[in-house]
Amino acid sequence: MPYNAEPHLRRPSSEALRERIPGWGADLDPADRPSVPRELNLTPEDNGAHWDVPERQPELEPRERSIEHGMLPPVFGTVAPLRGLSGAIRRYAYENYSEARAAHWLLLVLGDRVDAGEQHLRSLASTRPDNPITQTGVLSEGRRHGVASRFGVGRADTAHQWMDPVIVAAPWVVTAIGIGLLVRGARRTASSERVQTE
Amino acid sequence: MRAMVYRGPYKVRVEEKDRPRIEHPNDAIVRVTAAAICGSDLHLYHGMIPDTRVGMTFGHEFVGEVVEVGPSVERLKVGDRVMVPFNIYCGSCYFCVRGLFSNCHNVNPNATAVGGIYGYSHTSGGYDGGQAEYVRVPLADVGPSVIPDWLDERDAVLLTDALPTGYFGAQLGDIAEGDTVVVFGAGPVGLFAARSAWLMGAGRVIVVDHLEYRLEKARDFAHAETVNFTELDDVVVEMKRTTDWLGADVVIDAVGAEADGNFLQHVTSAKFKLQGGSPVALNWAIDSVRKGGTVSVVGAYGPIFSAVKFGDAMNKGLTIRTNQCPVKRQWPRLLEHIRAGYFKPSDIITHEIPLEHITEGYHMFSAKLDNCIKPIVVPSAA
Ligand SMILES: NC(=O)c1ccc[n+]([C@@H]2O[C@H](COP(=O)([O-])OP(=O)(O)OC[C@H]3O[C@@H](n4cnc5c(N)ncnc54)[C@H](O)[C@@H]3O)[C@@H](O)[C@H]2O)c1
Ligand SMILES: [Zn+2]
Ligand SMILES: [Zn+2]
């Protein structure tokens, strides 16, 4: 088939489509599409806003912000304020690097991993320790047809799904090894001190 | 109150949390009657979005009843049943008066590139979401709308994100009569995008995924032709072959950051978080579209760089259109389409899960078990 100026040949006629598909062509005219043009010319009142700028929400705890903002925006979320080592890492990322810098995001990702570690440790001392089995939902595999959903249906994601339990278990395994090494180290010091005092 | 809480990658639980308070004069507190889990929540659940803090409640798709309003709220009153767009926005900034509600500049201290989104990490403003019994709804005079009497609550939940996003994705494609439109991803967003492409006059709609049960839905629900990319050596060649070797006029990426189909891309982003997202579907879109064509990207990517084939996009003269959906802008027209019978949004709901069992909902939706397409979460008091 030569590469001539014809458009694609394989499509059905508009009449046939209108017959077969409910609503075909209802928004054919771009004027009927709510996202055309991209930018509108609205007033705040059109949007329900009875302000020029929203009133300022009280900043009860110092609120971190991107250095690409000229000031703290007036409205913000207050969930999980910065705390601990993860908080220090995150604050450092916000105060030193703009969103344009890889260091900003990579530090925030590091902060996330440290946060999860800190919170897992804290939970061990609480009445509700983290439980990697119930919290991952794997117990529902049987009820939700884990095997039949995954195998023999030609899915692409089974090639890497085996990694998920490894990723989930890794912090626990690392913590267990860490505690093991600490205990061993403590025993060694204790026994060598005993040797010295003897 | 009971609320879903993030505990680290792949781990969530339901716990007792303080009921949200009015923190700003234009806040409302909404008692959630139904919420949904979205493909976007999976990016958080897998630990891919930077600054996702342990203790956050996810959920940006929810409907409920207003139980408390701040002193400056004029448009809502206690007892109203509302649907809440996933965007938090002020209505009055440079971007909001231009209709770019998802790009509001007054609601997210943590990032200027991202607007405000409920339950979507601190990178989206640090707000708790609606997979809980109650949720704080900031700027209550701007975002929420009272659910019309004739609209079913299950349909309303899908109006808070999935349907408007799919419809928006099709609009970003600038579809003209007779265009061939390819949609990557047969999740809720892709299914609605495919369905919407017909409304804009598409001549052919082709949906690509690897999950056969979702492709089946694309055939019945979205009247689309389907392609399972695992059956092909190279999906781009198939897209060329089926378009007389020109490429599609419009391609929509409704997959986003966790795309499969290339082991290295997937693992470096979804597992090891070294990329903002696995751009497999985006790269396929760039290579499958015709020269001078349009790629619409509604699949979400994180703020870290991704290995995108930008040279092909440049040499082909493509238009790349993107955004988080400004949800409320889509509502008036979508409500007309629903009334006319062109959409029954709740057709794609496959599961209803009590909030107490949300852990199971996340696992099932993430691992794509039990033919799950869209799970709805219902708090026990609802
Ligand atoms: N722009 C917005 O406003 C907005 C709103 C909602 C969701 N989203 C994003 O849209 C995307 C889809 O959301 P969803 O709820 O439908 O999620 P989903 O996880 O249910 O669907 C994604 C689908 O893509 C398929 N897929 C994976 N790799 C693919 C590939 N290479 N080619 C084709 N298909 C592939 C998966 O099998 C799955 O069916 C997510 O990235 C989500 O974050 C964006
Ligand atoms: Zn969503
Ligand atoms: Zn704004």
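Below, chains carry the letters A, B, ... as their sequence lines are ordered, and counting in each starts from 1. Fair warning: this is a prediction, and the values are worked out from it, not measured in the lab. For the numbers below, each heavy atom of this structure counts, side chains included, while hydrogens, waters and symmetry mates do not.
Most heavy-atom pairs under 4.5 Å with chain B: of the set A/R20, A/H104, A/H145, A/M163, this distinction falls to A/M163. Among A/A26, A/P12, A/S86, A/P132, the residue making the largest number of heavy-atom pairs under 4.5 Å with chain B is A/A26. Note on A/Q161, A/R113, A/R128: by heavy-atom pairs under 4.5 Å with chain B, the leading option is A/R128. With respect to chain B, the highest number of heavy-atom pairs below 4.5 Å among A/M71, A/R65, A/E64 belongs to A/E64.
Side-chain contact between B/K11 and A/V168 is present, with at least one heavy-atom pair separated by less than 4.5 Å. Contact of the B/C372 side chain with the A/R144 side chain is not registered, since no non-hydrogen atoms from C-beta on lie closer than 4.5 Å.
For A/E118, no part sits under 4.5 Å from any heavy atom of chain B, backbone or side chain. Heavy atoms of B/Y167 lying under 4.5 Å from chain A belong exclusively to its side chain. Neither the backbone nor the side chain of B/A170 comes within less than 4.5 Å of any heavy atom of chain A. Contacts between A/D32 and chain B at a heavy-atom distance below 4.5 Å involve backbone atoms as well as side-chain atoms. Contacts of B/M364 with chain A are made by side-chain atoms alone, with heavy-atom separations under 4.5 Å and no backbone atom involved. If you measure heavy-atom distances from B/V142 to chain A, the contacts under 4.5 Å come from both the backbone and the side chain. For chain A, the nearby part of B/N26 is the side chain; its heavy atoms alone come within less than 4.5 Å. Both the backbone and the side chain of A/R38 come within contact range of chain B, judged by heavy atoms closer than 4.5 Å. In this structure, chain A has no heavy atom under 4.5 Å from any part of B/Y89. Interface residue A/R63: only side-chain heavy atoms are found under 4.5 Å from chain B. With a 4.5 angstrom heavy-atom cutoff, A/L82 touches chain B via backbone and side-chain atoms both. For a residue to count as touching a neighbouring chain, one of its non-hydrogen atoms must lie under 4.5 Å from one of that chain's; by this rule B/A340 does not touch chain A. Residue contact with chain A, scored on non-hydrogen atoms closer than 4.5 Å, involves the backbone and the side chain of B/P303 alike. When heavy atoms are compared at a cutoff of 4.5 Å, A/D52 approaches chain B solely by way of its backbone atoms N, CA, C and O. Contact annotation for A/N41: only backbone heavy atoms (N, CA, C, O) come within less than 4.5 Å of a heavy atom of chain B. For chain A, the nearby part of B/D260 is the side chain; its heavy atoms alone come within less than 4.5 Å. Contact annotation for B/E15: both backbone and side-chain heavy atoms come within less than 4.5 Å of a heavy atom of chain A. Interface residue B/Y45: only side-chain heavy atoms are found under 4.5 Å from chain A. For B/R53, the parts lying under 4.5 angstrom from a heavy atom of chain A are both the backbone and the side chain. Contact of B/Y118 with chain A is not made at all, since no heavy-atom distance falls under 4.5 Å. Both the backbone and the side chain of B/H223 have a heavy atom closer than 4.5 Å to some heavy atom of chain A.
A distance of 10.5 Å separates CD1 in B/I175 from CG in A/L28, rounded to the nearest 0.5 Å. Separation of atoms OG (B/S121) and CG (A/L108) is listed at 9.5 Å; rounding is to 0.5 Å. From B/N110, atom CG reaches atom CD of A/E99 across 9.0 Å, with rounding to the nearest 0.5 Å.
Ring-plane geometry between A/H69 and B/H105 is classed as tilted, the angle between the planes lying from 30 to 60 degrees on a 0 to 90 degree scale.
Using a 4.0 Å cut-off between a side-chain N of Lys or Arg and a carboxylate O of Asp or Glu, A/D164 and B/K271 qualify as a salt bridge. With respect to the salt-bridge test (charged N to carboxylate O, under 4.0 angstrom), the residues A/R155 and B/E212 do not qualify. A salt bridge links A/D130 to B/R13: one of the charged nitrogens lies within less than 4.0 Å of a carboxylate oxygen. The existence of a salt bridge linking A/R90 and B/D51 is confirmed by a sub-4.0 Å separation between a basic side-chain nitrogen and an acidic carboxylate oxygen. Salt-bridge annotation for A/D112 and B/K273: absent, with no side-chain N of the basic residue lying under 4.0 Å from a carboxylate O of the acidic one.
With A/S35 as the fixed residue, the side chain to side chain donor-acceptor pair (under 3.5 Å) test singles out one of B/R333, B/R329, B/Q330: B/Q330.
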